[in-house]
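Data block below; observations after.
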Amino acid sequence: MVFIVAEELVNMYMRSDFYTHLLDEVTLKLNPEEYVYFNVLQDGGIVFDPREGVRDESKYIPNPDFLQDTETQSRLLEKGFRERLGVTFSEALGAIKWIIENYSESGNPESPGFFRRQEVVEVFKSNFHITSDQADLLIRGFSLTAQCMKEEGRELFRPKQEYRAYKRAFFTDASSGDDLLFFSRRMAEECCTLIVRDLAFKKLPPEWRSKKINDDLAQISAKAGRWFESVVESNLNKIGFIGVTSLKALHFKSKNRIMIPRDVGEIDFLGFCPKEKMLIVVEAKQVGVATEPRMYLDDYSKFLSDKGSYGEKFERKYKWVQENAADVEVYLQDKFDCAVKAESIGYVMITRYPSFVSLKISEFTCISLPEFMQKYATSGGQWTFSKMSINA
């Protein structure tokens, strides 16, 4: 009964946020003749299925995927992790997986796993030659305690809080004096995957952090963004688009140069589609996965409503290209030694994962990379995304 109530509380919080912040109107229909006698008509009005954006993802995302490349991430974090925990990031993750493997049943993943903190601390001390405090921090970075939740002021409707059962799979049994921890094997394995994926978004348990590690996470985030730009470029090249990434200035064979204004900023991809005689402007956004309405609202702020939002910045970029179309054509001709004469400008914001906010954007197309590639293929290689005339 407790779990049913908890599930209903979560469902009510999510629906409340969705109705309040993400719908223009809500209609409640009451019908006492039905078993479930209340119904919100808009529940089925907006269809957002993020699975569509990751279907056949392997066709478009190369291996290794930077977001899951623990070898590269561990190398970039090595010095900071050794100073903080006495082990590399890969070793820390391996240690957590060792607990999962050895203190739960692989043949019965639904059965809870148990272990005693001090017992595992001693194993880590011996195997890694680290201190008791370092071994304890390693475990605590993957653990959830009632004390930490109380100190943080944990509330169900605040999904961005640190101490929640999302990336912390080891639960402390308070009656054991903090020594006994239990976990779900399946959930713990999922949490390991989330920790690796979220490094690119500078997220890591505070127990594992230090100033050096924070600096390294910023470096990983920057590299992840550049990596995604290169992935987008590679996919665009495959469907016949030529272009340049990370563009800050137009350099001509005549030795002249036009700088892109600072308030416009770097253009992620500027190119040309010979087939449709179209200039192409692409913004590549390596954004994380939003899993619930409160986080959809956070995305809405970043993409649309905040001053200096992603949408506002992108608009300045494709309008600058429109205003400077003749120079852009000459630049691309010089760069690729081909005739470039455009009749229109196509512009699209491509994200790594599907985003609910894409349903709210009318000014331009916002779409995940797999969805973009699939839609382009099913349209017979026709540009069905946002575009405008050169002379509009």
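We count residues from 1, following the sequence as given. Computed over heavy atoms, backbone and side chain alike; hydrogens, waters and symmetry mates excluded.
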**OP:** Could you check if a side-chain atom of Phe269 sits within less than 4.5 angstrom of a side-chain atom of Glu233, using non-hydrogen atoms only?
**Re:** yes
Subject >> Side-chain heavy atoms of Ser389 within contact of Ser344, under 4.5 Å >> reply: no
Subject >> From Glu110, Glu101, Glu105, residue fulfilling side chain to side chain donor-acceptor pair (under 3.5 Å) relative to Arg185 >> reply: Glu101
Taking 4.0 angstrom as the limit, do [X] and [Y] come out as a salt bridge?
X      : Y      : value
Lys285 : Glu283 : yes
Glu155 : Arg158 : yes
Glu266 : Lys313 : no

Original post:
Asp306: what forms a salt bridge (Lys or Arg N to Asp or Glu O under 4.0 Å) with it, not counting sequence neighbours?
Top reply: none
Check: [Y] main-chain N/O paired with [X] side-chain donor or acceptor under 3.5 Å:
X      : Y      : result
Thr378 : Gln374 : yes
Arg209 : Asn214 : no
Ser104 : Ile100 : yes
Asp268 : Ala284 : yes

Original post:
Are Phe171 and Phe183 close enough that their ring centres sit under 6.0 Å apart?
Top reply: no
Original post:
Between Arg164 and Tyr166, is NZ or CZ placed under 6.0 angstrom from the six-membered ring centre and within 45° of the ring axis?
Top reply: yes
Subject >> Test side chain to side chain donor-acceptor pair (under 3.5 Å) applied to Glu83 - qualifying residues, sequence neighbours left out >> reply: none
Subject >> Glu315: partners by side chain to side chain donor-acceptor pair (under 3.5 Å), with sequence neighbours left out >> reply: Lys319
Original post:
Between atom OG1 of Thr88 and atom CZ of Phe128, what is the distance when rounded to the nearest 0.5 Å?
Top reply: 8.0 Å
